[in-house]
Each structure stands twice: as C-alpha cells, then as structure tokens.
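Accompanying notes for the structure given below.
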Amino acid sequence: MITIIDYGAGNIGNLIRALGAIGKNTFVAQKPSDLPDKTKVLLLPGVGAFGPASEMLQKSGWFDFIKNWEEQKKPVLGICLGMQLLCENSLEGGYSQGLGLFEGTIKKLTDVPKLPHIGWNSVKWIGPSPIPWGGKYEEAYFYFVHSYALEVSRYTTGVTSYGRTSFSAIVQKKNAIGFQFHPERSGIRGLMLLDWAIQKLEE
C-alpha cells in the first residue's frame with residue numbers, strides 16, 4: 001500500500017493514475033490518523049511554495065509524523081515540492097524549515113535562461129543507472145516545473161543541468177528518495193522510474 005499525503009498542496013489525481021498504471025494500491029490520507037496499518041511507503045507530493053506547504057504540514061500533524069516515520073527507517077518518497085520539503089530548509093520567500101531527511105538548503109535557480117524551469121530536461125545518473133532504458137544505460141528526460149532546487153550533494157544520485165546551473169534531480173538514501181521532477185507526468189520512463197523507486201524503498 002502506497003499512502004499519498006494530502007495536505008492541500010499536491011496533484012493527487014495524476015499520482016493515483018500513475019501508480020495504478022504500475023499496479024500499485026494507493027490510499028489518500030489527509031491526516032496521520034487516517035494512515036492504514038498496511039502502508040509500506042509514504043508519498044509526499046507537492047506543488048507551489050515551500051513556506052506555506054511546510055506550514056500546512058505542521059498544522060495537519062504530518063510534519064512530526066513524517067520525521068518520526070523516517071527515524072524508524074520506514075520509507076518515504078517525495079516528488080517536486082515534496083522532495084524539497086524532505087530537505088533541511090528553503091530560502092523561498094524567506095527562511096522556512098524542512099523535514100531534514102536530506103542535508104541542504106533549497107535555493108533559487110540562478111544563471112538560467114528563465115524561471116520557472118518548465119518542461120522536459122535530462123537527468124544524468126551519478127554512476128551507472130539502475131534502470132536500463134530500452135536496454136541501454138543512459139540519461140533520460142523527465143518533466144520539470146520549479147524555480148528552486150537543491151544543490152548537488154552527497155545524497156544526489158541524479159543531476160540535471162539548466163543553463164549554467166546543475167542541481168539535484170534525484171536524491172536517495174536507504175529509506176528515502178526524492179524526485180525534483182514529476183515522474184507521473186513523464187511518460188513511460190517516468191512510470192518505470194516510479195516503479196523502481198517504490199520497489200527500492202520496499203526492499
């Protein structure tokens with residue numbers, strides 16, 4: 001069971017359809033007390049600004065719940081703003097606290113053609129890709145919508161370049177994975193990557 005956290009800042013419909021397409025059972029929880037016992041992975045989506053989203057997580061009780069969940073080594077997947085919220089903090093609209101699952105500060109993209117960064121862009125794995133795209137290990141394209149990002153860090157496993165700037169497109173550790181892009185809006189390769197991430201977290 002994949003439980004999607006609905007805290008008022010996520011595109012839930014697309015995620016439900018994408019997860020259904022790869023055969024995953026989903027449940028949407030608006031508060032921690034809704035969480036089914038059979039939940040294996042918490043999925044934190046998100047669109048919009050970091051500060052208000054962080055406040056909504058705190059008001060709904062999810063902020064401390066997710067931190068405790070991760071401290072128990074249970075798996076979490078963050079997508080777009082959800083990935084950013086898994087980091088320590090953000091400078092979007094001033095300073096806002098994140099969940100701290102990954103080290104680093106979310107900062108505005110600089111030295112880029114325009115903002116927001118919208119559309120398809122490539123992701124290059126640091127080291128061999130764990131997924132054979134069409135039988136070959138190579139970079140793949142995914143759909144981005146954002147103006148802020150995490151710098152490349154020790155948890156970065158996928159990097160994207162935009163203009164003269166490179167940032168973390170994928171961050172990963174044993175029980176947490178984050179995607180800056182939208183795999184649910186990235187066609188068949190996005191579905192493949194989403195399936196891989198869930199399988200990895202459920203190991």
What is the distance from atom [atom1] of [X] to atom [atom2] of [Y], rounded to the nearest 0.5 Å?
{"X": "I126", "Y": "S168", "atom1": "CD1", "atom2": "OG", "value": "7.5 Å"}
{"X": "K200", "Y": "N175", "atom1": "NZ", "atom2": "CG", "value": "12.0 Å"}
{"X": "M83", "Y": "L150", "atom1": "CE", "atom2": "CG", "value": "5.0 Å"}
{"X": "K24", "Y": "M1", "atom1": "NZ", "atom2": "CE", "value": "12.5 Å"}
{"X": "W62", "Y": "L85", "atom1": "CH2", "atom2": "CG", "value": "13.5 Å"}
{"X": "L77", "Y": "T3", "atom1": "CG", "atom2": "OG1", "value": "12.5 Å"}

Exercise for review: Please work out whether the ring planes of F144 and F167 are parallel, tilted or perpendicular, with thresholds of 30° and 60°.
Suggested key: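 Because their plane-to-plane angle is over 60°, the rings of F144 and F167 count as perpendicular.
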Has [X] got a side-chain atom pairing as donor or acceptor with [Y]'s backbone, closer than 3.5 angstrom?
{"X": "Y162", "Y": "K114", "answer": "yes"}
{"X": "Q84", "Y": "Y148", "answer": "yes"}
{"X": "S54", "Y": "G51", "answer": "no"}
{"X": "T156", "Y": "G158", "answer": "no"}
{"X": "N121", "Y": "S161", "answer": "yes"}
{"X": "S60", "Y": "M56", "answer": "yes"}
{"X": "T160", "Y": "S122", "answer": "yes"}

Exercise for review: Would you tell me whether Q199 and D195 have side-chain atoms, one donor and one acceptor, within less than 3.5 Å of each other?
Suggested key: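 The answer is yes; a qualifying pair exists.
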Practice item. Would you tell me whether T105 and N89 have side-chain atoms, one donor and one acceptor, within less than 3.5 Å of each other? Key: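 Yes, a side-chain donor-acceptor pair sits under 3.5 Å.
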Point to revise | Intermediate values then yes/no, side chain to side chain contact (heavy atoms under 4.5 Å, CB included), T39 and W69 | key: CA-CA 11 Å; T39 298; W69 176 275; 3.9 Å; yes
Side chain to side chain contact (heavy atoms under 4.5 Å, CB included) with [X]: which residues, sequence neighbours excluded?
{"X": "L191", "value": "A18, A21, I22"}
{"X": "W120", "value": "Y141, Y143, S186"}
{"X": "E151", "value": "K107"}
{"X": "T157", "value": "W125, I170, Q172"}

Do [X] and [Y] touch side chain to side chain, with heavy atoms closer than 4.5 Å?
{"X": "I4", "Y": "L19", "answer": "yes"}
{"X": "V47", "Y": "V145", "answer": "no"}
{"X": "W196", "Y": "L193", "answer": "yes"}
{"X": "I5", "Y": "L43", "answer": "no"}
{"X": "L109", "Y": "H146", "answer": "yes"}
{"X": "F65", "Y": "L35", "answer": "yes"}
{"X": "P45", "Y": "I12", "answer": "yes"}
{"X": "V76", "Y": "L86", "answer": "yes"}

Restricting to pairs with a member in [range], which pass salt bridge (Lys or Arg N to Asp or Glu O under 4.0 Å), not counting sequence neighbours?
{"range": "residues 42-56", "answer": "none"}
{"range": "residues 26-53", "answer": "K31-D34"}
{"range": "residues 58-83", "answer": "E70-K173"}

If you take all heavy atoms of [X] and [Y], which pair is closest and at what distance?
{"X": "A197", "Y": "F179", "answer": "CB-CZ, 3.7 Å"}
{"X": "C80", "Y": "G46", "answer": "CB-O, 3.6 Å"}
{"X": "K174", "Y": "L201", "answer": "O-CD2, 4.1 Å"}
{"X": "C87", "Y": "G104", "answer": "CB-O, 3.8 Å"}

[X]-[Y] co-clustered via ILVMFWY side chain contacts under 4.5 Å:
{"X": "V171", "Y": "V152", "answer": "no"}
{"X": "F50", "Y": "L115", "answer": "no"}
{"X": "L101", "Y": "I177", "answer": "no"}
{"X": "I66", "Y": "L81", "answer": "yes"}

Review point. By salt bridge (charged side-chain N to carboxylate O under 4.0 Å, His left out), which residues pair with E103, not counting sequence neighbours?
Key: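 For E103, the residues satisfying salt bridge (charged side-chain N to carboxylate O under 4.0 Å, His left out) (neighbours in sequence not counted) are R154.
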Review point. By salt bridge (charged side-chain N to carboxylate O under 4.0 Å, His left out), which residues pair with R164, not counting sequence neighbours?
Key: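 R164 satisfies salt bridge (charged side-chain N to carboxylate O under 4.0 Å, His left out) with no residue once adjacent residues are dropped.
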Check your understanding: Yes or no on side chain to side chain contact (heavy atoms under 4.5 Å, CB included) for F142 and R189, after CA distance, side-chain angles and deciding distance?
Key -> CA-CA 8 Å; F142 300 95; R189 291 189 173 184; 4.2 Å; yes
Point to revise | Chi angles and distances behind the side chain to side chain contact (heavy atoms under 4.5 Å, CB included) call for I198, I2 | key: CA-CA 9 Å; I198 292 170; I2 312 301; 3.7 Å; yes
**Study point:** Residue pairs, two or more places apart or on separate chains, that pass ring pair (Phe, Tyr, Trp, His ring centres under 6.0 Å) and touch residues 1-38
**Key:**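 Listed by first then second residue: nothing to list.
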Point to revise | Partners passing ring-ring contact (aromatic ring centres under 6.0 Å, His included) against F63 (at least two apart in sequence or in another chain) | key: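 Here no residue qualifies.
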Point to revise | Step-by-step side chain to side chain contact (heavy atoms under 4.5 Å, CB included) determination, H117 to V112 | key: CA-CA 8 Å; H117 172 213; V112 296; over 6 Å; no
Practice item. Could you name each residue pair satisfying side chain to side chain donor-acceptor pair (under 3.5 Å) that touches residues 92-102, not counting sequence neighbours? Key: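 Pairs touching residues 92-102 that pass the test: none.
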